[in-house]
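To start, the structure itself, in structure tokens.
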Amino acid sequence: MFETDLRDVVQRSATGALPSGAEVDEIVARAHARYAGLDEGDVADYIPILAEADPAWFGLALVGVDGGAHVAGDVGVAFSIQSISKAFVFALVCDELGHELVHERVGVNNTGLPFNSVIALELNDGSPMNSMVNAGAIATTALVPAADDEDRWRRVREGLSRFAGRRLDVDDEVYRSESLTNHRNRALARLLQSYDRLDADPDATVDVYTRQCSLAVTARDLGVMGATLADGGVNPVTGERVVSAEACRDTLALLASCGLYERSGEWLFEIGLPAKSGVSGGLVAVAPGKGAVGAFSPLLDPAGNSVRGQRACAHLSRSLGLNLFASDPAPAAAVASTNEGVA
Ligand code: GLN
């Protein structure tokens, strides 16, 4: 799946800050050019309208915690956010209710199974396991504190809009197409209800969830949304605090283990960043304290993750020093003075 030979791309450690703006521009352009011609993978078609996506679309945007954007390709093409909404709804719920409650009501472990698995729920006594698979995301949306379903939807839309730094709107065609075909998600919600794991009406909650998945964004929006998670919860473009630093930390920890479904381990091993993908081809990868990559390309791997998006992120992670697990040894003088203190 991943390119096994990236020896021509120098691995930088995560120690320190992003390189200069001009260098980031050039590296983003290079990562885009390297994978623009790759046509592995398939466009999703289980939501009928998604099958109409142009397989050639490919946009890449890196947004730094200074608010600067470095872009290449189709960064202005709008697409439905789909599962990437799960990450930001989770952050909003954590912010309002604290992570203990989400941990207890939903869970934070990977299912090891596909995003829309019914078996995962049955195997785990009705626990949806985590908020990044459909069952857990529906349970998480039900936790958004609200007076009624319309108010819940308003809070979700406004919350995600604050992450993006602009008003996000539903793509009505996508919403209609998914609403007519989301029988499996309705079944998951009923099953959750039967296990007393859903804190609101099943059909109404699936409707809010379907609307949140249908919000239209661009790769650039995803970069800004991710950069807000990289910036301790403050949107670096608008300067607005969207969620607490604790909610960001909790969200990124969950994305690291569950953001790419059953391929999360492989992703973390290759790229070393918390991330979230969606079936329309969006991908956001977050480098805490540095910024985030928003990618969009509709060709997907069998787990439902953008192929070009993943490849480009691997390239950027390596060449920009984003991989959280790549460190440089401390300079000798610093080590010596620390040891002196101990002795
Ligand atoms: N709305 C989609 C669904 O519920 C989201 C799935 C995804 O992006 N993986 O199936």
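Only heavy atoms go into these numbers, but all of them, side chains included; no hydrogens, no water, no symmetry mates. Atoms within each ligand, like the ligands themselves, are counted from 1 in listed order.
Ligand 1 lies under 4.0 Å from heavy atoms of Tyr46, Gln82, Ser83, Phe115, Asn134, Glu178, Asn185, Tyr209, Cys213, Tyr261, Gly278, Val279.
With 3.5 Å as the limit, one finds no donor-acceptor pair spanning the side chains of Asn134 and Asn116.
The existence of a salt bridge linking Arg190 and Asp203 is confirmed by a sub-4.0 Å separation between a basic side-chain nitrogen and an acidic carboxylate oxygen.
Listed by chain and number, the residues in a salt bridge (charged side-chain N to carboxylate O under 4.0 Å, His left out) with Asp196 amount to none (sequence neighbours excluded).
Within the model, atoms OG of Ser264 and CG of Asn130 stand 8.0 Å from one another, a figure rounded to the nearest 0.5 Å.
Residue Glu173 qualifies as open at atom CD: its count of foreign heavy atoms under 6.0 Å is 12 or below.
With a 6.0 Å cutoff to the six-membered ring centre and a 45° limit on the axis angle, Arg308 counts as a cation-pi contact of Phe58.
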